[in-house]
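Okay, structure first, notes after.
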Amino acid sequence: MTGGGSGAAGATGASGAATPGHKSGIAVHLTAASAHGATPGAAGAVGGIAANAAAFGNLTTAAGSGLPLPRPELIVAGLSIFRSMRRVTDEADPTGYSAEDFAQLMGDAAGIGALASILAPTAGLVSLATAGAAAGADVYSPQEILKRLRRNFGQLGYMQGVLDENVSQVDGQLAGLDGAPEGKAAIEAPDIPADPAALSDADLRSARSSWADRADAEFDSLSRMQEEMNDLDERRRNLAHQVDAVSDFLASLDDAGRVVLPAHLGETIRYGVGWYQADEPERMTAALRQSRSQSREAAKPAKAAPAATQADTAPAPRAKGQPYAEWAAANKIEGGRMAILQALAGLERWCGFYDALTGTLQRQLVQMRTQADSAGATRRALSAELQRRTLEAAPK
């Protein structure tokens with residue numbers, strides 16, 4: 001299927017990245033966050049974000065904004081989202097929380113609220129930035145926090161995808177997917193002659209040849225980048241349609257699960273649930289890498305085949321589907337509407353990953369176009385000097 005990228009085999013049923021008893025580490029950053037002007041409730045790895053918007057510069061989003069978060073803080077922010085999503089699905093009743101669980105919930109929620117102000121600016125999540133504040137009008141009970149997290153479940157998945165892309169980028173996992181120059185374009189460019197007129201004829205021709213090769217390499221790399229951007233835009237477009245279709249089905253689902261689920265939409269839901277359950281960010285980069293490889297193979301010209309008969313070309317009958325409750329039982333998917341929310345979160349995770357990767361490609365595209373234009377200008381300057389000398393040497 002298109003959208004989240006094929007090649008996600010094995011994602012369904014993957015275990016989570018953190019256990020319920022795992023300490024977030026967010027409290028470690030409380031002092032630093034407060035020093036930056038963050039409210040006490042916004043303490044954590046992403047504390048101080050709302051108060052320091054001008055300092056963003058490293059975390060990639062489609063809009064080009066960023067956060068000064070190194071890898072450890074990205075991991076901690078991801079764990080905060082992961083734990084919060086699992087609480088919504090597995091521990092929705094906070095009455096039995098210990099003091100440590102309560103403090104962790106408040107810290108995670110505050111961090112998510114601050115991070116949401118940049119990555120997914122929805123009021124329901126941004127308002128959690130002061131969830132654990134000691135004073136103020138926006139102090140929420142654990143029950144209210146869980147309700148807000150549930151109402152914005154898809155946005156949590158989206159934020160997780162953005163962090164996944166950034167962690168993968170920091171870890172060097174995006175090589176070949178981030179549009180960085182490869183081949184000749186990755187080799188250091190030749191020196192630009194300070195004064196082409198001072199070069200000997202042989203050196204001038206050599207320099208012109210070198211910069212002609214360089215310009216070709218730069219523009220070839222730029223062309224490949226444009227193709228990758230087009231592929232990514234197509235994936236984002238298809239994925240948005242899938243999210244809409246699953247959202248519409250969720251809106252029509254009755255408590256008994258009697259609404260018929262079309263077979264193709266069932267595959268989308270299984271896919272989304274699988275990515276909701278998947279843990280390591282590198283699994284997303286591996287799935288995208290495999291999907292692109294398969295797409296390139298499929299695009300290669302096929303060998304000539306015997307002429308097809310009418311029966312061969314007739315479209316296969318489309319499966320009509322079955323009631324959702326029956327389908328869920330047959331596919332061992334539990335949770336009713338919550339399972340649909342999980343599927344949406346998994347799909348939104350790819351939305352966030354793709355949007356962040358788009359931001360990475362856009363920044364790379366600007367740099368590559370500048371380099372290609374510069375190489376072309378240098379080539380023209382050397383060529384112009386060669387033309388001048390040719391004309392001056394011509395008989396009068």
Side-chain angles (χ1 to χ4, degrees), residues 1 3-4 8 11-16 20 80-97 105 108-109 112-113 116 120 122-125 127-128 140-161 238-279 319-352:
M1 63 187 279
T12 303
S15 61
S80 297
I81 294 173
F82 175 86
R83 276 191 300 267
S84 296
M85 296 178 81
R86 292 310 185 271
R87 282 194 175 100
V88 172
T89 57
D90 303 334
E91 305 169 7
D93 182 6
T95 55
Y97 280 9
L105 170 65
D108 285 349
I112 287 171
T122 57
L125 287 178
S127 63
L128 295 177
Y140 302 114
S141 67
Q143 291 85 351
E144 177 61 24
I145 288 176
L146 289 171
K147 285 181 180 178
R148 288 177 180 260
L149 291 172
R150 180 174 182 175
R151 290 173 191 149
N152 297 275
F153 209 67
Q155 291 297 310
L156 289 173
Y158 179 91
M159 291 166 59
Q160 185 182 25
N238 291 338
L239 187 56
H241 286 303
Q242 293 172 17
V243 170
D244 288 347
V246 176
S247 298
D248 290 344
F249 178 78
L250 175 63
S252 68
L253 187 61
D254 60 329
D255 292 337
R258 291 185 294 262
V259 177
V260 174
L261 175 68
H264 70 283
L265 198 55
E267 288 302 307
T268 300
I269 291 174
R270 283 199 327 120
Y271 180 84
V273 170
W275 282 108
Y276 165 75
Q277 295 173 341
D279 41 20
K320 295 181 179 180
Q322 61 187 128
Y324 174 73
E326 294 180 13
W327 175 88
N331 287 273
K332 299 181 180 180
I333 292 180
E334 302 176 353
R337 287 190 177 89
M338 186 55 67
I340 307 298
L341 285 177
Q342 292 175 357
L344 284 169
L347 296 174
E348 290 284 6
R349 182 182 182 184
W350 273 108
C351 289

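The chain is numbered in sequence order, starting from 1. If you're wondering where the values come from, they're calculated on a predicted model, not measured in any experiment.
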From [X] atom [atom1] to [Y] atom [atom2], the distance as rounded to the nearest 0.5 Å:
X: L347; Y: Q242; atom1: CG; atom2: CD; result: 6.0 Å
X: L149; Y: K147; atom1: CG; atom2: NZ; result: 12.5 Å
X: R148; Y: Q143; atom1: CZ; atom2: CD; result: 13.5 Å
X: S84; Y: D108; atom1: OG; atom2: CG; result: 4.5 Å
X: M159; Y: I81; atom1: CE; atom2: CD1; result: 4.0 Å
X: N152; Y: M85; atom1: CG; atom2: CE; result: 11.0 Å

Exercise. On the 0 to 90° scale, with breaks at 30° and 60°, tag the W350-W275 ring pair as parallel, tilted or perpendicular.
Key: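 It falls in the perpendicular class, over 60°.
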Exercise. Starting from the C-alpha separation in whole Å, work towards a yes-or-no answer on side-chain contact (heavy atoms from CB on, under 4.5 Å) for I269 and L261.
Key: CA-CA 10 Å; I269 291 174; L261 175 68; 3.7 Å; yes
Donor-acceptor pair, [X] side chain versus [Y] backbone, under 3.5 Å?
X: R337; Y: L253; result: yes
X: D254; Y: G257; result: yes
X: N331; Y: I333; result: no

Nearest heavy atoms of [X] and [Y], plus distance in Å:
X: S80; Y: I112; answer: O-CD1, 3.7 Å
X: C351; Y: V243; answer: SG-CG2, 4.1 Å
X: A339; Y: Y324; answer: CB-OH, 3.5 Å
X: L105; Y: P142; answer: CD2-CB, 3.7 Å
X: S252; Y: V259; answer: O-CG2, 3.2 Å

Quiz prompt | Beyond-backbone contact of V273 with Q277, side-chain heavy atoms, under 4.5 angstrom | solution =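 Yes; the side chains approach each other to less than 4.5 Å.
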Quiz item: Is there side-chain contact between V260 and Q322, with at least one heavy-atom pair below 4.5 Å?
Solution: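 A side-chain contact under 4.5 Å is absent here.
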Exercise. Would you sort out whether L344 and F153 count as a side-chain contact (heavy atoms from CB on, under 4.5 Å), showing the intermediate values?
Key: CA-CA 8 Å; L344 284 169; F153 209 67; over 6 Å; no
Exercise. Answer yes or no: does atom CZ of R258 have more than 12 heavy-atom neighbours from other residues, nucleotides or ligands under 6.0 Å?
Key: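 For R258, atom CZ is not crowded (no more than 12 foreign heavy atoms under 6.0 Å).
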Practice problem: I would like to know whether E348 and Q160 meet side-chain contact (heavy atoms from CB on, under 4.5 Å); could you show each step before the answer? | Solution: CA-CA 9 Å; E348 290 284 6; Q160 185 182 25; over 6 Å; no
Self-check item: Pairing residues for A325 by the side chain to side chain contact (heavy atoms under 4.5 Å, CB included) criterion, not counting sequence neighbours
Solution: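 Scan of A325 (side chain to side chain contact (heavy atoms under 4.5 Å, CB included), adjacent residues dropped) gives none.
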Quiz item: With a distance cut-off below 6.0 Å to the six-membered ring centre and an angular limit of 45° from the axis, does R86 pair with Y276 as a cation-pi contact?
Solution: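 Yes; both conditions hold, so R86 lies above the ring face of Y276.
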Exercise. State plainly whether the residues R150 and E144 are in salt-bridge range, i.e. N to O under 4.0 Å.
Key: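 No.
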Exercise. Take L156 and L125 through the side-chain contact (heavy atoms from CB on, under 4.5 Å) test and state the conclusion after the steps.
Key: CA-CA 9 Å; L156 289 173; L125 287 178; 4.1 Å; yes
